[in-house]
Number of protein chains: 2
Amino acid sequence: MSERSDLTIAGIRLTPILVADPPLLNTQGVHQPYTPRLIIEVETAGGVTGVGETYGDTKFLDLARPLAEALVGCQVSDLNSLFTLAALVCGDPQEVSDSVDVGGLRGAQTADKLRLSVVSGFEVACLDALGKSLGLPVHALLGGKVRETVDYSAYLFYRWAGHPDGQGGGRTPKDDWGAALDPAGVVAQAQRFDREYGFTSFKLKGGVFPPDEEIAAIRALAEAFPGRPLRLDPNGAWSVETSLYVAEQLGGVLEYLEDPTSGTARMAEVAARTDVPLATNMCVTTFPEIAEAFTKGAVQVVLSDHHYWGGLRNTRELAAICRTFGVGLSMHSNTHLGISLAAMTHVASTVPNLDYACDSHYPWQTEDVITRPYEFTGGRLTVSDAPGLGVELDREALAAFHRRWLDDDGTMRDRDDAAAMRKAEPGWETPPVPRW
Amino acid sequence: MSERSDLTIAGIRLTPILVADPPLLNTQGVHQPYTPRLIIEVETAGGVTGVGETYGDTKFLDLARPLAEALVGCQVSDLNSLFTLAALVCGDPQEVSDSVDVGGLRGAQTADKLRLSVVSGFEVACLDALGKSLGLPVHALLGGKVRETVDYSAYLFYRWAGHPDGQGGGRTPKDDWGAALDPAGVVAQAQRFDREYGFTSFKLKGGVFPPDEEIAAIRALAEAFPGRPLRLDPNGAWSVETSLYVAEQLGGVLEYLEDPTSGTARMAEVAARTDVPLATNMCVTTFPEIAEAFTKGAVQVVLSDHHYWGGLRNTRELAAICRTFGVGLSMHSNTHLGISLAAMTHVASTVPNLDYACDSHYPWQTEDVITRPYEFTGGRLTVSDAPGLGVELDREALAAFHRRWLDDDGTMRDRDDAAAMRKAEPGWETPPVPRW
């Protein structure tokens, strides 16, 4: 027992990177050719390295740097202290109160949300290091898996074949998906997801075209895949009345409707007038937002995201709260790489009340920082029993993506879907909410 | 890393015991001279033994035996599975729905509560074994301590000098506290708790005498210890009107009023009409009871008890829920020994929102099953950094207390405070609720 390796954090390496991202459309604009991520490596005095991944935009880096310094000398097992330490050293970033989040798709931005997203990357890296040090998979550090495999859903997007204006070379490397801009395109995309990955449920990112067009796309999916779970997520782009109209049109077809409208008050109003369950990763994204939303019955499904909630252990606490209040649980995803997918799969395998297949952007990413990228089989991933997360950093890839970040002239280091859209539509501004 | 000891459960030993208990009074009767506890030893294939402690009454033993059998072959790290396994093998005990709990002091008894109390003993034993196997204290398995010491409060009781009718030899061995049956006796008891243990806050177990007598006792405490936190707990013995009367009389003096009346509806009624915070370990003792109580504002402080809630990890989830809903948190205690005190201290050290000093019966117990019984200094315990819980079984004591259980004629194996009371008052029946 005494020969257990030293768990003291000896050093932390932060590597901001830019990774290729296809031209996926949402209500705010379109993904840029490259998106920033931050790779965190925590090295223990025992010579073990754990890895984590989170948002890489400047405002996250600005918080990650002092936290990395402050953590040296702590134990990788000191996970409860991460939050107090982060609050202490990160301070409250200025000018966040009235701005919107990265991609504008996470409700109002707050200092709390930024800080927790940074903490999550460190927490995952610490868990990876702790697991490797102890010879235990991360799921065992979370109390053990209650399922061997985790179900994911296909994440359908309206998209172009290539980035506008020749950005990033136009077409993302290895991205051969082509455009999807109407019901037929969406169905074709879903068919390929079904064929190549075996996903059984489908989510369409909406809020891009007028509601009737998106209703038509969902109806086309329902016809092509009878009985399969379908979801539609316009990222809060609709008014209460439009939300109710869509819910009525798609009532018999949708598994749930995701963030049809913005804010807890409007969501509660919609929820009160439809039987279609409402899911969210916008109006309930931090613990302080839960009480009001649950008390008002504003949401029936919370889409957790360990980046938002401050890590895997907080995600489990969110799951306990949902279980206690009879609210469903599934998992949200923003653009992410294999480290975060590993983390998502570990925590998902330990949560008894995971009620729906999880979202993941992963199939859209053509690049990764791990040596053996994940492959979905039957729409599922098997949780790893190897020590830690069970992933290995591809240092060559990491160096190349970091070089890309270093070489960037500043246009891609902070995700800006509206700026990307202006390459195609010069006058584009982030649409007002509700858009329809 | 690969030399980590094998975490597979090779065997489990259950040792029911009877330990000495002084004649402490409550609204249902008086403690018997001996009280049953169950000591659980989980032995791993790696040769490590972890210990846990829970209720020892027959109905708990009946559930513990099949669970112990089913757990052989599992990993001590498989803590999430404990609950599903317990639900599977324990079944639902009959005839619990309309009966009251051990000591009648835990609200309505349910199959769920019984099962979780059994699981808690196994969970703690697994955590102890896991910690010893990995060279980590239990608090580190829970994410690490956020405080070095845990504050406890003095637990004052109305009591007799000895057990009635010469039971258990009359006076409990080493119990030299003497009687406390009026304000002066309560103050003298508190003074000794203050002097010998350094407790700074005081809780009086009430519901024993008419409310005005207990109000007088609290006033006497307030006079003897100006400014110190005081609490009164009649175990739900009062009506709504009586509760409000007491709250009005003691409003400026009480830190909180604990379970003045029975049931969420009555608690909510009292809460709505007084500013004195209400605490509970009766109307919110399982997760399904939370939503209604929190939504109605029935309780302002939940007194967690890892035995009730199914272990240390569930206690942390309860803490997260309380934090999220702005409800205070502290810790309840029933008669327990050093293993449970170690468990309480470990989990308490990891919970950021531990808002009040914890209750503990421990100073009343004159016997223990650990080699180095705990001593309170300044009303506090320092959490152990030794692997596991940091306690060692006193096998000689354990054997002696088990022998006492074997030799018992059946009168002490199931706690029955009313039966004990009948030794002093032959016609005694458990009083109806509300009693006053």
Side-chain angles (χ1 to χ4, degrees), chain A residues 1-5 7 46 48 74-85 123 126-127 130-137 139-147 286-292 294-295 311 313-314 316-327 349-352 387-388, chain B residues 1-5 7 46 48 74-85 123 126-127 130-137 139-147 286-292 294-295 311 313-314 316-327 349-352 387-388:
Chain A
M1 286 178 267
S2 54
E3 66 272 18
R4 171 177 57 63
S5 85
L7 301 177
V48 169
C74 296
Q75 305 286 301
V76 289
S77 55
D78 271 347
L79 301 166
N80 294 324
S81 301
L82 263 180
F83 302 93
T84 31
L85 194 64
E123 190 240 24
C126 285
L127 284 168
L130 183 60
K132 285 176 181 165
S133 299
L134 303 175
L136 288 174
H139 70 72
L141 302 178
L142 303 173
K145 61 187 175 186
V146 296
R147 58 182 66 82
T286 60
F287 290 97
E289 292 166 326
I290 289 178
E292 187 193 356
F294 284 17
T295 308
R313 298 168 70 252
N314 276 15
R316 284 185 45 83
E317 293 187 346
L318 167 64
I321 296 172
C322 287
R323 206 157 57 232
T324 301
F325 283 81
V327 171
S349 79
T350 71
V351 170
Chain B
M1 288 175 266
S2 54
E3 67 271 20
R4 173 179 53 65
S5 85
L7 300 178
V48 169
C74 295
Q75 305 287 300
V76 288
S77 55
D78 272 347
L79 300 166
N80 294 324
S81 301
L82 262 179
F83 302 93
T84 31
L85 194 65
E123 190 242 23
C126 285
L127 283 168
L130 183 59
K132 286 176 180 165
S133 300
L134 303 175
L136 287 175
H139 69 72
L141 302 177
L142 303 173
K145 60 187 178 187
V146 296
R147 59 181 66 82
T286 60
F287 290 97
E289 292 166 326
I290 288 178
E292 187 194 355
F294 283 17
T295 308
R313 297 169 70 252
N314 276 15
R316 283 185 47 82
E317 293 187 345
L318 168 64
I321 296 171
C322 288
R323 207 155 57 228
T324 301
F325 283 81
V327 171
S349 79
T350 72
V351 170

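Numbers restart at 1 for each chain; the letters A, B, ... are given by sequence-line order, proteins then strands.
- For the atom pair B/Asp78 CG and A/Thr350 OG1, the distance stands at 11.5 Å (nearest 0.5 Å).
- Rounding to the nearest 0.5 Å places CD1 of A/Ile321 at 5.5 Å from CD1 of B/Ile321.
- Here the side chain of A/Asn80 pairs a donor or acceptor atom with the backbone of B/Gly143 at under 3.5 angstrom.
- For A/Leu142, the part sitting under 4.5 Å from any heavy atom of chain B is the backbone (N, CA, C, O) and nothing else.
- Residue A/Arg316 holds its CZ atom at 5.0 Å from CZ of B/Arg313, rounded to the nearest 0.5 Å.
- Interface remark: A/Arg323 contributes side-chain atoms only to the contact with chain B (heavy atom separation under 4.5 Å).
- The OG atom of B/Ser77 sits 10.5 Å away from atom NZ of A/Lys145, with the distance rounded to the nearest 0.5 Å.
- Taking CZ of A/Arg147 as the start and OG of B/Ser81 as the end, the distance is 10.5 Å to the nearest 0.5 Å.
- Between the CG atom in A/Leu141 and the CG atom in B/Leu141 there is a gap of 9.0 Å [rounded to 0.5 Å].
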B/Phe287 and A/Phe325: CA distance, side-chain angles, deciding distance, ring pair (Phe, Tyr, Trp, His ring centres under 6.0 Å) verdict: CA-CA 9 Å; B/Phe287 290 97; A/Phe325 283 81; over 10 Å; no
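- For the set B/Pro288, B/Ala319, B/Gly144, B/Gly46, the entry with the most heavy-atom pairs within less than 4.5 Å of chain A is B/Gly144.
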Step-by-step side chain to side chain contact (heavy atoms under 4.5 Å, CB included) determination, B/Leu134 to A/Leu136: CA-CA 10 Å; B/Leu134 303 175; A/Leu136 288 174; 3.9 Å; yes
Verdict with supporting geometry, B/Thr295 and A/Phe294, side chain to side chain contact (heavy atoms under 4.5 Å, CB included): CA-CA 9 Å; B/Thr295 308; A/Phe294 284 17; over 6 Å; no
